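Quick caveat: nothing in here was measured; it's all calculated off a predicted structure. All ligand and atom numbering here is 1-based and tracks the order in the structure. Reckoned from all heavy atoms, side chains included, excluding hydrogens, waters and symmetry mates.
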Amino acid sequence: MSLDHEEEIRNRTAARPSIITGAISVAAILLFVGTGSAVLSKTLQYYTSGTEPADRTLVIALLLNVALILFGWRRHHALSMEVQVRAAAEERAQHLASRDPLTGFLNRRSLAEEGAAMFARAQRRRKAMALIMLDLDHFKTINDMHGHAVGDALLRAVAAEIAHAMPPIALTARLGGDEFSCGFLFDPAEPSTIERIAERLVSRMAQPFEAEGLRLHISCSLGIARSDFDCASMDALTRSADIAMYQAKKAGRNRYAWFDQSMERELQVRNELESGLRLAIPRQEVVPYFEQQIDLSTGRLHGFEVLARWEHPTRGLISPELFIPIAEETGMIAELSLSIMRQSFIAARDWDPSLNLSINISPWQLRDAWLAQKIIKVLTETGFPASRLEVEITESSLFDNLALAQSIVGSLKNQGVHLALDDFGTGYSSLAHLRALPFDRIKIDKSFVMSLNESADSAAIVNAIISLGESLNLPITAEGVEDASIEERLRVLGCSKAQGWLYGRPLSVSAVRRLLAERRLLQGSPAPAEKKDAATSQRLVG
Ligand code: C2E
Ligand code: CA
Ligand code: CA
């Protein structure tokens, strides 16, 4: 039974007694009017002039009448009270259904309704409607670190600041989690009003908040869309503001961005990549490429870093910088990574046993409690020795769930897998992080290595990382070695390994086989080259 139908039945049942009560009261009043005056005047005469008393039955009927009228009045009063209470309850229920209980703001559904009305109003009055989408940056960290009570208090404080920044007539909504939205009308000739509001919001959110006795630091990313620029409806306006908000996040957070059409096209490309990637992984179009890692003290080939490439049937070779973030956001990274591992372990089966492989593990994968077991399974199934595998993780992997990361890494290390800290120098570069996991090696980010000879700062950072490695007894790999002078400088500084374009671009499976065959680093007779591409290096698209 639908809710509306139920409601109707309830209303009808409530109305029935009130009709009966009404009918009884009307009848009683008519009777009273008919009999009351005769009985009363007779009774009055009996007491004053001693005439005949009124008929007893009529007196009883009159008393009954009075009782009925009283009953009717009381019942009427009770019923009207009930109607009032019910109306108030209904109003409250409607309020609750349209409001976010935490902040009192509109919820997603009621924003859509009230926004559509405002949108129509804007058109009628030759005004424009602005919609701001606001998302807090890294709010999850606050919730994880301080608990939900603090998170809720912060959301309430944020809501108060948003309400404060809005013009007098504005819609303010919380769409869920840490996502807020506000809409208001403005003069299309004066878009600077909106910019002022956006600037105020961004700068206020970057100031510390007091919540539950704590001082909390956050920031926010804003997307803004306006109804008079290519937005045909409230739905389109919401979507545009949303796209602009993601763009603000992508551009580095703590800022606002206006929607423009190029963002829509970018989103379309991204969606195409996403749906393409879904098919490409099982089809093994995403393949491993191999970048040489050289032992600086001997000049010997130590092994390879495995780098993913998408061999797209029409677009050519696609860079991991384009598709890894999509794989991470959509949860495809686990499948992608295991496929890359399987393909590279199979490729390396008959390589010289002195050669090792380094694999990149995304921070997202370290949320999977079964990651170690999955990697070990691929190692076992392909017969690649765990002792020849190194996993590279970045510092950001340590923020989410350190205990889980420690347990995953513990299981891998028990099997003999090595652990490297990738891109050191770009993140927090904290000593505490270096101690949090049993790293075997530090990799200096290529940005410092590439500018080693030109920038005194880079040289100082590379120097500092190498001495840190020495004192912690952790060997260092430098990536991004593009010329011999940098290689020489790194060798003098005591860096143990190097990789980069000086030694060649990353190689496909077949190109690596040829290289290893030339250097007699294949076990047994050289296997025939695979039919896949024969180029030793390829340009990436994207
Ligand atoms: P990364 O782990 O820091 O990898 C090193 C990147 O630097 C590679 O880019 C490599 O091609 C590039 N590179 C190496 N030597 C030089 C050099 O001398 N000069 C310059 N300019 N660049 C050099 P690539 O292959 O585009 O990979 C980009 C990033 O994508 C990697 O950065 C890594 O974070 C990620 N990635 C690649 N493959 C995988 C994968 O299988 N799984 C995961 N999770 N991430 C991957
Ligand atoms: Ca790496
Ligand atoms: Ca790196």
query: Which atoms of ligand 1 are found less than 4.0 Å from any heavy atom of G480?
result: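 Reading through ligand 1 atom by atom, the close ones are 16 (C), 17 (C), 18 (O).
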Does [X] have a non-hydrogen atom less than 4.0 Å from ligand 1?
X	value
S337	no
Q499	no
K443	no
M450	yes

From [atom], work out which of [options] has a heavy atom at the shortest distance.
atom	options	value
atom 39 (C) of ligand 1	L502, I318, T426, I324	I324
atom 24 (P) of ligand 1	G500, G504, P320, A478	P320
atom 14 (C) of ligand 1	E291, E482, E321, E479	E291

- prompt: Are R309 and Y289 in a cation-pi setup, meaning NZ or CZ lies under 6.0 angstrom from the ring centre and within 45 degrees of the ring axis?
  reply: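 Positive - R309 is close enough to the ring of Y289 and near enough to its axis.
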message: Distance to the ring centre below 6.0 angstrom and angle to the axis at most 45 degrees; does that hold for R505 and W501?
response: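 Judged by the rule (NZ or CZ under 6.0 Å from the ring centre, within 45° of its axis), R505 counts as positioned above W501.
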message: Is it the case that atom CZ in R435 sees more than 12 heavy atoms from other parts of the structure closer than 6.0 Å?
response: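 For R435, atom CZ is not crowded (no more than 12 foreign heavy atoms under 6.0 Å).
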Would you check whether [X] has a nitrogen or oxygen atom less than 3.5 angstrom from a nitrogen or oxygen atom of ligand 1?
X	result
E392	no
E305	yes
Q365	no
A308	yes
E328	no

query: Got a second to check how far E328's CD is from F323's CZ, nearest 0.5 Å?
result: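 E328 CD to F323 CZ: 11.0 Å, rounded to 0.5 Å.
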field: Nearest non-hydrogen partners of P288 and I340, listed with the distance
entry: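 It is N-CD1, 3.8 Å.
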message: Report whether any nitrogen, oxygen or sulfur of S358 sits less than 3.0 Å from the Ca ion (ligand 2) (N, O or S, backbone or side chain).
response: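 Looking at S358, which is the residue asked about, there is no N, O or S atom under 3.0 Å from the Ca ion (ligand 2).
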- prompt: Taking both backbone and side chain into account, is any N, O or S atom of D422 nearer than 3.0 Å to the Ca ion (ligand 2)?
  reply: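 Checking D422: at least one N, O or S atom is under 3.0 Å.
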